[in-house]
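See structure below.
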Amino acid sequence: MTNSPSSSIKKKLILDQLGFLLEEALLEEIYLNSQLKEFKLDDEIIHPGDDLLAIPIVLEGSIKVSRENSAGEELLLYYIEGGDTCAMTLQCCTQKSTSEIRATCMEDAIVLMIPRDMMGIWMNKYKSWREFILQSYHTRMMEMMETIDAIAFMRLDERLLKYLKDQAKLLGTLELQHTHQQIADDLHSSRVVISRLLKQLEVSGTIRMMRNRIFLNEL
DNA sequence: ACATTAAGTGATT
DNA sequence: AATCACTTAATGT
């Protein structure tokens, strides 16, 4: 977490990501009331149990949102990219409760922090804000259904391949710098199992592997 | 050269 | 598919 970039950059980022979605007066209010924050790879933006004082809107980079059980084991729920918000956070903010999820940076990211008090005010004041929030809710819901489907109906090897492809799309590269352990954590599996499945994928010509690196041969 | 961390393997449940 | 108990390989200091 470093200091905010200059305000002209802030203005440009807001316009780039939200300009076409939100009305002008609201954009101005966002600009005035929000705080721009930079995060680095693997920084945690939200921890489970956090009291949320602001909702994040991702302007650049990608964030993964995961659940955590009492043993500290994770399960990846969905991703958030530029111009999107996290539905769970919205709820936490409006209900003034604590976070049920963890949000981690998959790459360096720039995030707009909006004070939670603004939520209610803008909900009443701006139609475009209501639509934005509802739309975001809907998208998150659909994504979560997709991962539920994956967990319930797909075999782990299919899930793994889907995971690799999702990551590649999101990060915009066919060369993933993940350890087998990290992948196992995201999918809530064990390292040994992931290693073996990856080996199969390599033999079948879908990927190539090196230490800390996985190359997808195609999307 | 040694310690640490990532990845591979066979056996067992 | 998970876990155990090692082994081997790659990296950092």
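Lettering follows sequence order; numbering is per chain, from 1. Note that this is a predicted model, so its numbers are computed, not measured.
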So if you build clusters from Ile, Leu, Val, Met, Phe, Trp, Tyr with side-chain heavy-atom gaps below 4.5 Å, do I183(A) and F215(A) land together?
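Cluster IDs for I183(A) and F215(A) differ.
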Table of protein N/O atoms under 3.5 Å from nucleotides 3-7 of chain C N/O atoms:
residue : atom : partner : partner atom : Å
dT3(C)  : O4   : R196(A) : NH1          : 3.3

Would a 4.5 Å heavy-atom cut-off, applied to side chains only, mark V58(A) and E81(A) as touching?
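Heavy-atom side-chain distance check fails, nothing below 4.5 Å.
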Using side-chain heavy atoms (C-beta onward) and a distance below 4.5 Å, is T85(A) in contact with I80(A)?
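Side-chain contact under 4.5 Å: no.
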Quick one: do E74(A) and R67(A) make a salt bridge, cutoff under 4.0 Å?
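Judged by the 4.0 Å cut-off on N to carboxylate O distance, E74(A) and R67(A) do not form a salt bridge.
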In plain terms, say whether K127(A) and E23(A) are close enough for a salt bridge, that is, a side-chain N and a carboxylate O under 4.0 Å apart.
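Answer for the salt bridge query: no.
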With sequence neighbours excluded, give me every salt bridge (charged side-chain N to carboxylate O under 4.0 Å, His left out) pair touching residues 177-201 of chain A.
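Counting only pairs at least two positions apart or across chains, the salt bridge (charged side-chain N to carboxylate O under 4.0 Å, His left out) contacts touching residues 177-201 of chain A are K64(A)-D186(A), K199(A)-E202(A).
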What's the NE2-C1' distance between H180(A) and dA2(C), to the nearest Å?
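Rounded to whole Å, this separation is 17 Å.
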Where do M123(A) and W129(A) come nearest, in terms of heavy atoms and distance?
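Closest heavy-atom pair between M123(A) and W129(A): N-CD1, 3.6 Å.
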Which heavy atom of T147(A) sits nearest a heavy atom of L77(A), and at what distance?
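Where T147(A) meets L77(A) most closely, the heavy atoms are CG2-O, 2.9 Å.
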Can a side-chain donor-acceptor contact be found between E29(A) and Y126(A) if the only test is distance below 3.5 angstrom?
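Short answer, yes.
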For residues T139(A) and Q135(A), is any side-chain donor paired with an opposing acceptor at under 3.5 Å?
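Yes, because at least one side-chain N or O of T139(A) sits under 3.5 Å from a partner of the opposite role on Q135(A).
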Under 4.0 Å from any atom of DNA chain C, heavy atoms only: list the residues of residues 151-168 of chain A that qualify, in numerical order.
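Only L156(A) qualify.
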List in chain and number order the residues that pass salt bridge (Lys or Arg N to Asp or Glu O under 4.0 Å) with K165(A), two or more places apart in sequence or in another chain; answer none if no residue qualifies.
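Expected list: none.
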At the 4.0 Å heavy-atom cut-off to chain A, mark where contacts on DNA chain B begin and end, going 5' to 3'.
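Listed 5' to 3', the contact boundaries are dT5(B) to dA11(B).
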Polar atom pairs (N or O), protein with nucleotides 8-13 of chain C, under 3.5 Å:
residue : atom : partner : partner atom : Å
dA10(C) : N3   : R211(A) : NH2          : 3.3

Check this for me: H138(A), atom NE2, are more than 12 non-hydrogen atoms of other residues, nucleotides or ligands nearer than 6.0 Å?
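Result for NE2/H138(A): open.
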